[in-house]
Amino acid sequence: MVQQNGTGEQSSDPDYFQTNPKPPNLDRQITLARSFIEQHASENRRVALVTSGGTTVPLENQTVRFIDNFSAGTRGATSAEYFLEAGYAVIFLHRQFSLLPYSRHYSHSTNCFLDFMTHNDVGAVVVESEYQQQMAQVLSHYRKAKDDNTLLLLPFTTVNEYLWLLRGLAMQMQPLGANGLFYLAAAVSDFFVPAERMVEHKIQSSEDFQEELTNGNGARAPAAHMDGKRLIIDLDPVPKFLKLLVDGWAPRSMIVSFKLETDPSLLAKKARYALEKYSHHLVIGNLLNTRKWEVLFVSADGGERWIRVPAGRRSKSVTNWDHDSQPQEPAIEIESWIVPEVAKEHTKMIEKAASKQ
Ligand code: PMT
């Protein structure tokens, strides 16, 4: 959802950062990113900013209640590993406590790390023999990323934190020029409560204890309030930041956005629409229910093609005993095909930029 102006045109809101507060730890996160980027720029390494997981929309300043979305961060965390494998340094801008590169193999409900462990003959805790090889591999990739300082983890929770960070990081990445890549896999809220419409305290479910509504003197009505026994939530659109990113914050980098839909008949149309509207390089379309086995690449040169995990390789057994309720995991991670394709396009873009110099 985007902001509409009087003519029905969609616009990005340059006032957003004047009217919504800067997160308290933003400067510290940007400082970390600056030295990370400087190191990799000096080594002429490509840097990918991978965004991952869902943003929240708090309903109260002292937040008890918030709106969230489904994203676990699988796409982002998995892609980050393949970018590292392809030689990129990765800034992993992720929802706090969502899946992380490498540890994702042993976390959350489908891959609880305890399911990989056992006691040996003398009672020590060890990795089950059948998982030794795979875990050794993950561990060595993880250690390499740490030793080479090629993975920077930066967390966000709210959509406001995400937007401030995205802008701040984009500015820091400008000196990378075409070596910078934005891979926007986070599920970003389309609606939010702007600071000026946020109530301070927990919304009371009883009218008798409700905070005074402060919509006098031109101030806008609070976004969430009780009306009798009903909770009324009236959200503002989040301005679309893709346009600002493409035109202003990261004009020389490659920008890849994702398009999520649930209606198959809309996916290609909406992906193409996004590409034409924001004039970036690539939109990767995916459907909620099939996102682990198929994605649609829609690129600026007019190309449109599906990448699909073959039908025979769409499921593998999972390790824990509670997997009946979980969606099946594909035997091939589709990100192992997505990322090399993106990197190939990035190479072309870098070569084109170099030929113009
Ligand atoms: O984490 P998983 O469970 O693995 O799921 C992965 C995923 C489905 C979340 C991922 O593959 C994906 O599709 N991410 C994009 C989801 C999304 O926000 O789609 P959208 O159609 O609402 O937005 C399209 C693009 O506009 C996104 O690149 C987003 O960064 C951008 N956007 C969105 C909102 C906003 N206010 N401003 C934006 O610029």
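For ligands, and for the atoms within them, numbers begin at 1 and follow the listed sequence.
- In terms of N/O distances under 3.5 Å, ligand 1 is not approached by Gly53.
- For atom 35 (C) of ligand 1, the choice among Arg75, Glu261, Lys277, Lys240 with the nearest heavy atom turns out to be Lys240.
- Contacts of Ile284 with ligand 1, taken as heavy-atom pairs under 4.0 Å, are absent altogether.
- Under the 4.0 angstrom criterion for non-hydrogen atoms, Ser189 is in contact with ligand 1.
- For ligand 1, one of its N or O atoms has an N or O atom of Ala185 under 3.5 Å away.
- Within the structure, no pair that satisfies the salt bridge (Lys or Arg N to Asp or Glu O under 4.0 Å) test touches residues 116-138, not counting sequence neighbours.
- Residue Gly73 places at least one N or O, backbone or side chain, under 3.5 Å from an N or O of ligand 1.
- Ligand 1 lies within reach of Phe70, whose nearest heavy atom is under 4.0 Å from it.
- Grouping Ile, Leu, Val, Met, Phe, Trp and Tyr residues whose side-chain heavy atoms lie under 4.5 Å apart, directly or via other members, places Leu260 in a hydrophobic cluster with Phe70, Leu288.
- Heavy-atom neighbours of Arg143 CZ from other residues, nucleotides or ligands within 6.0 Å: at or below the threshold of 12.
- For atom 24 (C) of ligand 1, the choice among Phe191, Tyr16, Phe258, Tyr162 with the nearest heavy atom turns out to be Phe258.
- At under 3.5 Å, not a single nitrogen or oxygen of Ser257, backbone or side chain, sits near a nitrogen or oxygen of ligand 1.
- No option in Arg197, Lys202, Arg65 other than Arg65 meets the salt bridge (charged side-chain N to carboxylate O under 4.0 Å, His left out) test with Glu60.
- Using a distance-only test at 3.5 Å, with no hydrogens or angles considered, a donor-acceptor pair links the side chain of Asn69 to the main chain of Ala187.
- The option with the heavy atom closest to atom 21 (O) of ligand 1, from among His94, Lys259, Lys270, is Lys259.
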